[in-house]
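See structure below.
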Amino acid sequence: MAGAVELPRLTEGYLGPQAKFFPYGLTTLSHSEPVIHSDSNRVEIVIGTSQPMRFMTKLLGVNPKGECNQFVFTQKQGDEFHFTIAVPRLGFFKFQIYALPNNEAGPNMINVYNYLLNVQQTDTYVEAFPKQYPLWKQQGCYVFEPVMIMKGQRDPVKFKYYIPVAVNVQIKVGEDWNQLEEVEAGTGIYEGLVDFSQGYPAGTKVRLNVKSGRTHKYDILLEYTI
């Protein structure tokens, strides 16, 4: 039983909401208890906001110790922030959430909530999530697919994103550019198929490039590695 599992030793007061969680108007929408016993290695934690916020997270393995930040993906949906955690192994992980209101200056975010995740089964295939550049979170973007790309991918991959400020969206695989089309004018949803059949070498970068103005400059929002 989950309740009989011995938890790792943690500093008193570490788990749950920290000092600024409630004053910032934050709420737990998916998991109200800070200890999560999961029979899946993929978990989504949702935090509600009452004002524009910036977030960052840390995922730390307990045994063995070490950062696992490549296995966390952050997305914004309206007033909610969705944190998807997908780890490749069993065990305990500390998930730390940091935040700061947009109207508060300062480069350092404040620890607002800490979870302890106990992964008891691995039922989902896992690759590292794409690297998320600052504009991805700031612009309220959302990925429908793919959240991960398998190493050695050779089949066509469908890419579909919500990018509200875009005027041109491209998937760059190595040096090859592939344009995504808006599904309907004004929706901000872009999609398209990209061919991987030529077999790109290991370590190739797959970048979501977005142009949001009339200049020729593209910003990288996401970066996968295949």
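Everything numeric here is computed off the predicted structure, so don't read it as measured data.
Within the 4.5 Å cutoff, the side chain of F196 has no heavy atoms near those of the D155 side chain.
Atom-to-atom distance recorded for I171:CD1 and Q179:CD is 11.0 Å, nearest 0.5 angstrom. The CG atom of N209 sits 10.5 Å away from atom CG of N178, with the distance rounded to the nearest 0.5 Å. Interatomic distance, I36 CD1 to Q120 CD, rounded to the nearest 0.5 Å: 11.5 Å. Rounding to the nearest 0.5 Å gives a distance of 6.0 Å between CD1 of I45 and NE2 of H31. Expressed to the nearest 0.5 Å, how far OG of S38 lies from CG of L90 amounts to 10.5 Å. Taking CD of E44 as the start and NE2 of H82 as the end, the distance is 5.5 Å to the nearest 0.5 Å.
A salt bridge (charged side-chain N to carboxylate O under 4.0 Å, His left out) check over residues 166-182, counting only residues at least two apart or in different chains, returns the pairs K172-E175. Counting only residues at least two apart or in different chains, ring-ring contact (aromatic ring centres under 6.0 Å, His included) contacts with residues 99-119 comprise F21-Y113, Y113-Y115. Residue pairs meeting the side-chain hydrogen bond (donor to acceptor under 3.5 Å, both in side chains) criterion with at least one partner in residues 49-70, sequence neighbours excluded, are E67-N69. For residues 32-42, the set of pairs meeting the salt bridge (charged side-chain N to carboxylate O under 4.0 Å, His left out) definition, not counting sequence neighbours, is empty.
The two residues Y24 and E104 have their closest heavy-atom pair at OH-OE1, 3.3 Å. Minimum interatomic distance between P146 and V157 (heavy atoms only, all atoms of both residues): CG-CG1, 3.9 Å. Minimum interatomic distance between A128 and M148 (heavy atoms only, all atoms of both residues): O-CG, 4.4 Å. Nearest heavy-atom pair across V194 and V173 is CG1-CG2, 3.9 Å. Minimum interatomic distance between F93 and C68 (heavy atoms only, all atoms of both residues): CE2-SG, 4.1 Å. The two residues Y224 and V147 make their nearest non-hydrogen contact at CE2-O, 3.9 Å.
No more than 12 heavy atoms of other residues, nucleotides or ligands lie within 6.0 Å of CD in E184, so this atom counts as exposed by the packing criterion. For K20, the NZ atom is loosely surrounded, since the number of other residues' heavy atoms within 6.0 Å does not exceed 12.
For the pair N114 (side chain) and Y14 (backbone), a donor-acceptor distance under 3.5 Å is present. A donor-acceptor pair under 3.5 Å is absent between the side-chain atoms of Q153 and the main chain of I226, judged by distance alone. No donor-acceptor pair closer than 3.5 Å links the side chain of Y161 to the backbone N or O of L208. For Q18 (side chain) and G16 (main-chain N/O), a donor-acceptor pair under 3.5 Å exists by modelled atom type. Between the side chain of D79 and the backbone N or O of G48, no donor-acceptor pair lies under 3.5 Å. Although no hydrogens or angles enter the test, the distance criterion places no donor-acceptor pair under 3.5 Å between the side chain of T27 and the main chain of L29. Distance alone, capped at 3.5 Å, is enough to place a donor-acceptor pair between the Q75 side chain and the V143 backbone. A distance-only check finds no donor-acceptor pair linking the side chain of W136 to the backbone of K131 [under 3.5 Å].
Listed by chain and residue number, E127 satisfy the salt bridge (charged side-chain N to carboxylate O under 4.0 Å, His left out) test with K151 (two or more places apart in sequence, or in another chain).
Taking Ile, Leu, Val, Met, Phe, Trp and Tyr as hydrophobic and joining them when side-chain heavy atoms fall under 4.5 Å apart, one finds Y162 in a cluster with Y142, F144, V183, I189.
The aromatic rings of F55 and F83 lie perpendicular to each other, with more than 60° between the two planes, well past the 30° mark.
Y190 and L193 fall into different hydrophobic clusters, where Ile, Leu, Val, Met, Phe, Trp and Tyr residues are linked whenever their side-chain heavy atoms come under 4.5 Å apart, directly or through other members. Note on I220: it does not cluster hydrophobically with V206, by side-chain heavy-atom contacts below 4.5 Å among ILVMFWY residues.
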